[in-house]
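Encoded as structure tokens, the structure appears first; notes follow it.
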Amino acid sequence: MFSPGLKRSKLSSQKERNVGANLRAPDSPSTPLTENNKPAHQASIPDRPSTGTPAPWAPRLSVLARIPPANKNDKGDGVDPIKPVFVGEFPQVVHDEQTSFLQRRVPADVCISGGMDKGTCLSWIIYGNKIFIWSYLSSTAPKKCVTLELPSDVLGNADLGRNSYLRNNWLLSVVNWDSTSKVTNRAANHCYSAGIVLCNQKTRAVLYWSDIFADVGAAPVTICSSSDELLVTSSRIDSNATPNRHATNFTGSSSFNSLIASAIPGTQNACVALACCSSGELWQFYCSPNGIQVNKVHQNIQSLSSQGTGVGQLVGSKGYPRSMIWRLPYFSVSDSNRQFFLLTDHEIQCFNIKLFPDLEVSKLWSQEIVGNDGDLGIKKDLAGQKRIWPLDLQVDDHGKVITVLVATFCKDRVSSSSYTQYSLLTMQYMSEVNISSDLHERVLEKKAPIQVIIPKARVEDEDFLFSMRLRVGGKPAGSTIILSGEGTATVSYYHRNSTRLYQFDLPHDAGKVLDASVLPPTDDGEDGAWVVLTEKAGIWAIPEKAVVLGGVEPPERSLSRKGSSNEGSAQEERRNLMFANNIAPRRASSDAWDAGGRQATGLTGIARRTAQDEESEALLGQFFHEFLITGKVDGSLEKLKSSGAFERGGETNVFVRTSKSIVDTLAKHWTTTRDAEIVAMGIISTQLMDKQQKHNKFLQFLALSKCHEELCSGQRHSLQIILEHGEKLSAIIQLRELQNIINQNRSTGVGSTHSSFENQVSGALWDLIQLVGERARRNTVLLMDRDNAEVFYSKVSDLEQVFYCLERHLEYIISMERPVGFQIHRACELSNSCVIIFRAAMDYKNENHLWYPPPEGLTPWYCQPVVRNGLWSIASFMLQLLKETSEIDMSAKSELYSHLEALAEVLLEVSSGAINAKVERGEEHKGLLNEYWSRRDAILDSLYQQVKGFVEAGYQDLTDNTGENKEEILKNLSSSLLSIAKRHEGYQTMWNICCDLNDSGLLKNLMHESMGPRCGFSYFVFKQLYGKKQYSKLLRLGEEFQEELSIFLNHYQDLLWLHEVFLHRFSAASETLHVVALSQDEGSISITEEEIDSDHSNPVPTLTDRRRLLNLSKIAAFAGKDADSQIKVKRIEADLKILRLQEEIMEVLPMDDTNQHVEKKLLRPEELIELCLESGSKELALQVFDVFAWTSSSFRKSHRTLLEECWKKAADQDPWSELYQASVSEGWSDEETLQQLSRTILFKASNRCYGPKAETIEDGFGEVLPLRQENVEVAGLKDARSSVEAILMQHRDFPYAGKLMLTALMLGCVQGDDVKLEESLSPMSPKTSVTK
């Protein structure tokens, strides 16, 4: 990286003076071929291996060589955080070819081409006539390396001169056939099918391999430029397009600057490639397995610049257009268009290529970035500014932000010195811009001010500037990396108006940096760390922390190797390393910790560790170390308390951190060049056992020092995490043993029922281990030089990541495209692994239960959502296999069933544990409970259906007695499933098993044993029987489950009274019958299953049914012999009378559709009264008072207005005006008056309500509506009209017939007593006042 401004050695200074003599610097020194070729000053450097930088394929040496001795510790994981991390070696075939290439003594300045493709994670390098392509994610030497040979006729045209950076440079573009849409499984990042488009920058020869993985060794389709060769060398598949045979030849002195390629949807391994030349030409290549068609794009080429129109060359200086890039790295198969950007000497242009049906390139827009308006980009013609070079262009994954690398040649007017300024221009799409509306509309705007990388750098020649490339997207977010043709890589990180630079600069004898890329993200979202491909030292990663902590202020120096401290003396190199180590902590406090946003999140864990935390952890480590040696813990507790070791909780607790460091310790010598063979090494098991032994010693230390008691009382969560480390370690050990067994079975060919897939079924667990390890390596870049399996077996505390990868990447692990038998085998292997992890953890917990703190409110690690979701992911996939794979044989289905049954038990256990923890903490758990219920029912139901299928198919391999009947087979096969269902309240499965077995004894036993909420299984059984109308069975169960059935029948009172009669609770039965008889619920009367079959399908109870229930209620009330039984009987009799009144009323009413419907239902008293009033019947006008009489006093009070309406209706029933005229004209005597008035409704209503024989329930009518006005005060009613007399006074006939009306009223209330008629004829006489 950039070193501080220390005093250089004389040799270094002399070299700089020599460099300054020319603008064009000499090329970097080559790797020496022999010992004698080494320069004298390099030979004097002590401790440097004789062959320069140690080869990375010598395990670990390259990493160790770059780490100062002070940074190496005994833990094996002490790596300088600001140093690059070795990621992966070259494949062995590359090493062999590299050795052969060097032995040919080729010129030292021959450039080696290589690159990295971010989308497919493939890296490539060219030696001689061979291209080597492999994945750069593997830390060990990749076994899968594709070797492609370049035809001799193509190489024959290459110019191997020494005066150009492009002497042997190749441009390569990878076309991913696996998916033309964005990769969903970014964690796997395995490319199984890809095409390669390769072109030589100088000769412009183009080669195409349609599928490098499917047809290894196949010759490419080529096209070479020659003076007599036409543009078309093979016919296009698209017949609509015709070859352009009138265009210029595919030849010229200009070189290609940039190449991009894209798959064409709807074709078989066909793609389109675009290349731009320094002469201003834009070429299009249609590549297919049949050949390559070349076409120079005739798109008003001169109008590609915004200056004019017409066909011509791209306007600009030598070397332009500079670069091209797709706007979006991924596109959908449904998209027929794709956009790309092109960078010229002063603007950005955007094009659209129509991929289907014809290849048609059209310009969308162009925008000037170098011009007179500084707001649009870079302002030119400033003072001291001589020339501006836009060098390279990159775009983010969303296609919104464009970054341009710019070099500006300037001259200081004061000192007259010249310098080059490097900067980054960041543009973004403007909001709400319609790019199709106006070709010259402004599309982009500045996202941020121009970021100056180096304000005053050495002046370089144009070839060096054009060799620079830009990459974006790595960590820290917003950082970029600049690659130079001399082989250096510089990371620029701009934050809070300050630029920090970190230069990845390997020693010269390690070769140059060929390309840089980004590690793919572990999840959807931000990308990973920067990775670089070197010429001879493999692949390296630049940790985010290295950029943040190791970045320096931009120096006034070049981005090239010239003047590098690597060329200095050994003493100066050591001083620089020491100085960098010394200033790193200062930068961490002043720069890194001030960084906000997403960049700070990855470092906050370290930032929050105070000096007290460090002191406490160091003190604890010292005490534990002394305990391991002496077994003594004298005074440890008090000293740890005083140091604040017990203050922090959770993961930040000092004891937790120490425990984690024990179980997560990295081994020192695990790395191997063998890939999967690492798991066969005994060192892994030994290391795990050593960890377990040391962790047990740590627990003993906690107990003897009394720290365990302190943690148990004050830091329960921390203590649980410590013990969970032991659980995870035990689980990892068991997982390791399982992997050994799988390997042994695979090597001996036993243990698998799918021998036809023996060669394919070799590693579901292994693939999972690789995936988890790779995810950990990407999350912690310092682990990138470790093997995936090594990281997996080391990072014990991250065992939850196994389940995370199962949830997110199950399709990749299972290999969905493989045969069903293959998928079943791998699914069973994964399921077995999950079960073993859980059981090992539970065994550890059971064995060490005395160590655990009180569990209330603590959620175990295996109950976390990530674990539950991972288990459900594999379980649901196995459920799908059971449902959809009817063609598989019974043995495979049986194997799948047994593994799913074991997995279901684990899944349900962890779900119930999570629910219990939430309940204990008093947190909302409804959502979790619903999740648990749905998953439980889905799994248990599917498993039981499979059991029934086994029985139906006569499958008896799981039973020894083949003479058993069907029920016995079912009972044996379902016993384990029944046990799971019983533990997790799988009542539906328990019910189904009991019903299919027809075993009432088993049913009753389960009802006794499963007593959960709401009476548990008993309640469920009652509900099932009630739903099936099997009331007799339900009530018979009540004989044994009396209280449980009583609770259930509280919601089903139509049967409750029968159970209460059985229990001799007659009073309660009477009340229940009374409620059921008057219930408005149409289904209140239950009918049996037999009645349904015999056309008694109408559940609506009739009036006869209700009368029967009321009579039964009356009988039960008598049988109850309670103190208030007489009152109950009277109430029942009153309801019987109302019921009888409804029948009588319905007989009077005329029968129509409405009345027929009303006749079948029980009417409420108010409904019955209103029906009578609306009928207009004289008889019904009187019967309404009977309804009022048999209701309660509260009903009369609440419906007093309705009662008044009844009196008004009664008064209207007789012709009072005619009666008055007749009495006057005929001169009625007293006897005749009495006779005439006794026939009126008023007389009869008065007699019914207020007469001596009037009967009512509770209080009489007088309490609600007095007969006379003078009784209102006595009744305490404030309303002056609240009397029958007041109501009659409002009648229309009252002014002349009022005396007759009141006489009828008074005669009715006294009828039956020995009262003189003379007294009764005085309506106002108080003697006739009756309030009964």
Note, Leu765 side chain near Asn832 side chain (heavy atom, < 4.5 Å) | no
Flag the pair Glu727 / Met842 as yes when at least one side-chain heavy-atom distance between them is below 4.5 Å, and no otherwise.
-> no
Note, Thr859 side chain near Gln864 side chain (heavy atom, < 4.5 Å) | yes
Would you check if there is a donor-acceptor pair between the side chains of Gln739 and Asn743 at a distance under 3.5 Å?
-> yes
Going by the angle between their ring planes, with limits at 30° and 60°, are Phe698 and His695 parallel, tilted or perpendicular?
-> tilted
Nearest-0.5 Å distance, CG of residue Asn653 to CG of residue Leu711 | 6.0 Å
side-chain contact (heavy atoms from CB on, under 4.5 Å) between Val663 and Ile732, intermediate numbers included | CA-CA 10 Å; Val663 299; Ile732 285 287; over 6 Å; no
What is the distance from atom NZ of Lys918 to atom CD of Glu920, rounded to the nearest 0.5 Å?
-> 12.5 Å
Go through the structure and list residues passing ring-ring contact (aromatic ring centres under 6.0 Å, His included) with Trp851, not counting sequence neighbours.
-> His708
Do the side chain of Arg775 and the main chain of Cys805 share a donor and acceptor less than 3.5 angstrom apart?
-> no
Would you please test Leu810 and Leu830 for side-chain contact (heavy atoms from CB on, under 4.5 Å) and show each step?
-> CA-CA 10 Å; Leu810 183 64; Leu830 294 175; 3.9 Å; yes
Student check: side-chain heavy atoms of Arg716 and Leu858 closer than 4.5 Å = yes
With distance as the sole criterion, is a donor-acceptor pair present between the side chains of Ser661 and Arg657 under 3.5 Å?
-> no
Answer yes or no: is there a donor N or O on one side and an acceptor on the other, between the side chain of Arg868 and the main chain of Leu907, under 3.5 Å?
-> no
Any donor-acceptor pair under 3.5 Å linking the side chain of Glu924 with the backbone of Lys926?
-> yes
Taking Ser873 for the side chain and Asn869 for the main chain, is one N or O donor matched with an acceptor at less than 3.5 Å?
-> no
Rounding to 0.5 Å, atoms CD (Gln801) and CG (Leu806) come to a distance of 11.0 Å
Do Ile722 and Thr658 have side-chain heavy atoms sitting under 4.5 Å apart?
-> no
Just how far is it from atom CD1 of Ile769 to atom CZ of Arg736, taken to the nearest 0.5 Å?
-> 8.5 Å
Is there a side-chain contact between Val87 and Arg777, using heavy atoms and a 4.5 Å cut-off?
-> yes
Which pair of heavy atoms, one from Ala840 and one from Gln734, lies closest together, and at what distance?
-> CB-CG, 3.6 Å
Aromatic ring pairing Phe646/Phe655, orientation class (parallel under 30°, perpendicular over 60°, tilted between) | tilted
Least distance between heavy atoms, Val656 atom then Gly650 atom | CG2-O, 3.4 Å
Whether Phe803 and Trp861 hold their rings parallel, tilted or perpendicular, with breakpoints at 30° and 60° | tilted
Glu800 and Val867: which non-hydrogen atoms are nearest, and at how many Å?
-> CG-CG2, 4.1 Å
Start with the C-alpha distance between His725 and Ile721, add both sets of side-chain angles, then the distance that settles side-chain contact (heavy atoms from CB on, under 4.5 Å), and finish with yes or no.
-> CA-CA 6 Å; His725 288 158; Ile721 295 175; 3.7 Å; yes
Look only at the side chain of Ser479 and the backbone of Gly474, and say whether a donor-acceptor pair between them is shorter than 3.5 Å.
-> yes
Met878 to Leu903 - nearest heavy-atom pair and separation = SD-CD2, 4.0 Å
Spell out, as yes or no, whether a donor-acceptor pair under 3.5 Å connects the side chain of Arg921 to the backbone of Gly857.
-> yes
Atom CG in Leu768, atom CD1 in Ile874: separation rounded to 0.5 Å?
-> 9.5 Å
Do Leu928 and Glu931 come close enough that some side-chain heavy atom pair is under 4.5 Å?
-> yes
Going from NZ on Lys728 to OG on Ser730, what distance comes out if it is rounded to the nearest 0.5 angstrom?
-> 13.0 Å
Applying side chain to side chain contact (heavy atoms under 4.5 Å, CB included) to Ser705 and not counting sequence neighbours gives Val633, Ser636, Phe701, Cys707
Measure the acute angle between the ring planes of Tyr862 and Phe838, then classify it against the limits of 30° and 60° as parallel, tilted or perpendicular.
-> perpendicular
Side chain Lys691, main chain Ser794, donor-acceptor under 3.5 Å | yes
Distance-minimising heavy-atom pair for Ser616 and Ser643 = OG-O, 2.6 Å
Ile542 and Ala529 have their tightest heavy-atom pair at O-CB, 3.6 Å
Begin from the C-alpha positions of Lys639 and Phe623 and carry the test side-chain contact (heavy atoms from CB on, under 4.5 Å) through to its verdict.
-> CA-CA 10 Å; Lys639 294 179 181 179; Phe623 288 149; 3.5 Å; yes
Any salt bridge between Lys706 and Glu710, counting N to O under 4.0 Å?
-> no
Look at atom NE2 of His1008 and say whether more than 12 heavy atoms of other residues, nucleotides or ligands are closer to it than 6.0 Å.
-> yes
Validation row: Glu829, Trp766 side chains within 4.5 angstrom (heavy atoms) | no
Arg778 (side chain) donor-acceptor with Leu137 (main chain) under 3.5 angstrom | no
